[in-house]
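The chain is numbered in sequence order, starting from 1.
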Amino acid sequence: MSNVLNIADRPGRETRMLDQARDAAIPPLVDAFAVALGRFDDALFDRAERAGPSQMAFLDAMRELRRRREDIIVRFRGHLQVAWKALQDGQPLSLEGAFAQSAEGSLTLMTDQELESRLAVRNLASVILRDCKPVLARLDRRLGWLAGQPALESEYNPVGAEHIGVAVHQGFAACDLTAEVRLVVIKLCERDLVPAIARIYAALDQRLAQLGVAPDMPEPMRRAPKSEATQDIEDLMSGDEPGAPAWAARFLNRMAGMNRGLQASHAAPASQAGFGDVPPGYSAAPGTQGVLLEALHHLLQESRRGRDVPQEQPRPSHPQRDLSQREMLSVLSLLQATPSATLRAAIGDTGESLSQRLKNEVLSSAMQLGVDPSTARLAPVDEDAIDLVGMLFDVMLDERDLDGRPRELIGRLVVPFVKVALLDRRMFVQKTHPARRLLNVLAEACEGNNGESAAERTLLTKVEEVVDRLTAEFNENLAIFLTLEEEFRSFLEQHRRRIEIAERRAAEIQRGQERLEAARARMNAELDERLSGRTVPQAIEDFLRQPWAHHVTMTVLREGEEGDGLRESLALADGVLEELTEAQRHVIGKPWLQAWRPALVKVFSSVGMNLDAAAGAVDALHDTLQAVAAARPDLERALPELPQVVLPKPVVEEDTTPIQLVAGADTLDFDHSDADHFRNLAIGTWLDFIDKDNKVQPGKLSWVSPISSRLLFVNRRGVRFCVASPEELAAMVRLGRLRTHQSEDAFDSAMQGVIERLEPVPPTPLT
């Protein structure tokens, strides 16, 4: 079933106003692009000055962009005009449709440079959509109204974010630029073009509103002002507050019954130190962050009371004092530089509590500072920090796919993160905190990374460099987390780009495979229609099943099923069979196949026969028909030996074992509502696949086939590992082999696990 909109015959289309909207949109967009293009010269020159060995590539790009400036602008304008005409003709064009049109007729896979360029313009489109989302939503509605439908999907908006991206791609497509420079140029469009586009969208929206387009569109709701505290809590609960962790909303829902206790704790004297306190030199946490920190403190206290067994404790022989923060940081610095063997063993042991091991190590290591362990104890606030960090890493190491070297590398971060918790407790409640951002990117690089490929081994080596620098250089300055995170994120982006290219490659391979399957299916259908139930001489059957079948398959691949080439090939087969029918009536003296000789030579040549051999093969068919007409089967001739024909077959990456599915939707046991859910699944959605050994592997929906409607899933490396129909996926749900995927980052996911471990388990009722 085609997913292309067809609105040509729908009532309400306003052709004249569509023309006005086009004239109000496309010229300003083209002018803005031309202005942005004029600014690239200075930016590329600046890049060239610090590009090192790549300097000449940037200088050459400056000359290339000057030389082809008009052509770039024409190509940019051309795509927007094509997209707008498609809307006016009632066949709106999507981004995928535009890219498919540009690749039409090509049987080769896209180059890595082409894939990178497409990914870059998709990122550009996402930036435009992010910055202009409200006004674009209104424009989709207004243009849909003009086109005769209630709403136009964003991908079909001819001046929307995705078509701007395609227009930029088309603009630079013919330029001779290196891959690095091409990506820089597209990135410059984000800086110089997006602000102008936002203004053009706003002006177009206002113009269409003044013209009365979609007059029933509601105005944005204006809410009554709320108190700052109420707004903070509502933003946090909705997940909209900048910097709010993802687990916070669920946590506050559970902790709703603690409100009175929290309010009382906020009214406590300042001298009573709590986990929500912030050390000197750091600003106090905002109200919602303070609520979360106090709630965590209460939860930790309740958890300790639940674990402690009431018994008579011996009174210490010496008075005990709390270790000062300076002493704590000194001890942790010693452990950071040279972690003890027992701590390293605890990191590798899934059964030992890291928090308890850390507390023991801190007290025993205090002796190196001249502190008598019998007279020292941990301050409650420091014990909170160690417990939370220890449990955080316990959960992360237990629940993430971290084995061997990745587990060791992540485990080495435990002590530095305890120091962060002592210095700045906002790490637990502020998702933009540099320490948690660093942990997230390192966990992303390590998770599931077994070092199988050169790229993965390089990534692990980079992680080790970061961990080494952190443990060697982190004293009490949190700026090092920001520095290391920025450096590593830049490196990780290159790795992600390789994954995205691999993902697009997997989609291209699957697309090519399905096109080949469709071409073969069409060829087999045409062949069966002509040969089913009919006896034909061996030479003619060999011709139809080999050279002709190959020629038809390749013609459908190149031109599609509606091209002239297929019609000519079908006419050739019908013509040969019609002459066979005449020969079977014993018509004598006819110059057999004379009218079809050029077409026959073309088919034989297409399988690799030279002209002489092709002519000899046609002669064999001629003599066979003549023998049939004379009723002399002994005079029939066989075709000469044919070259070994191999149809193109895309290489399938077999890095992972595909999920085995039951074939045939008619025999599957599934819920139709589940199948409908998968038909509407958004590209980029992650699911958890569970194999027969109960091993869980997350898979990302990368592509949906417009031919078969099958869904392609790739793993974290961008490699294809499952291709299934919506019905097959629904059957997997029923079998317990497919489930939704939790997409939270490593820190938030681990914090959610900590909360679940801290919450008291209700007592089992006696029966």
Acceptor/donor pairs from residues 698-705 side chains to any protein atom, 3.5 angstrom cut, sequence neighbours excluded:
unit_1	atom_1	unit_2	atom_2	d
Lys700	NZ	Glu503	OE1	3.2
Lys700	NZ	Glu503	OE2	3.4
Ser702	OG	Glu503	OE2	3.1
Ser705	OG	Glu514	OE1	2.2
Ser705	OG	Ile707	N	3.0
Ser705	OG	Ser708	N	3.0
Ser705	OG	Ser708	OG	3.3

Please say whether more than 12 non-hydrogen atoms of neighbouring residues, nucleotides or ligands are located less than 6.0 Å from CZ in Arg122.
yes

In sequence, state the C-alpha distance, the side-chain angles, and the governing distance for Asp748 and Arg436, and then conclude on side chain to side chain contact (heavy atoms under 4.5 Å, CB included).
CA-CA 9 Å; Asp748 271 335; Arg436 67 188 293 159; 2.7 Å; yes

Please determine if Glu190 and Lys187 form a salt bridge, counting it only when a charged side-chain N lies under 4.0 Å from a carboxylate O.
yes

Pair Phe678-Ser709, side chain to side chain contact (heavy atoms under 4.5 Å, CB included): steps then yes or no:
CA-CA 10 Å; Phe678 290 120; Ser709 297; over 6 Å; no

Which residue is it: Arg734, Arg710, Arg679? I am looking for the one with a salt bridge (charged side-chain N to carboxylate O under 4.0 Å, His left out) to Glu727.
Arg679

Counting only heavy atoms from other residues, nucleotides and ligands, does the tally under 6.0 Å from CD of Gln206 exceed 12?
no

Results of ring pair (Phe, Tyr, Trp, His ring centres under 6.0 Å) for Phe76 - residues two or more places apart only:
Phe33

Check whether any side-chain heavy atom of Val121 lies under 4.5 Å from a side-chain heavy atom of Ile164, and answer yes or no.
no

side-chain hydrogen bond (donor to acceptor under 3.5 Å, both in side chains) pairs, two or more places apart, involving residues 191-203
none

Looking at Arg141 and Asp205, is there a salt bridge between them, counting it only when a charged N and a carboxylate O are closer than 4.0 Å?
no

Drop me the distance from Lys85's NZ to Arg22's CZ, to the nearest 0.5 angstrom.
11.0 Å

Can you establish whether the number of heavy atoms outside Glu561 located under 6.0 Å from its atom CD is more than 12?
yes

Output, in order, the C-alpha distance, side-chain angles, deciding distance and verdict of side chain to side chain contact (heavy atoms under 4.5 Å, CB included) for Leu711 and Leu729.
CA-CA 9 Å; Leu711 293 82; Leu729 294 171; 4.1 Å; yes

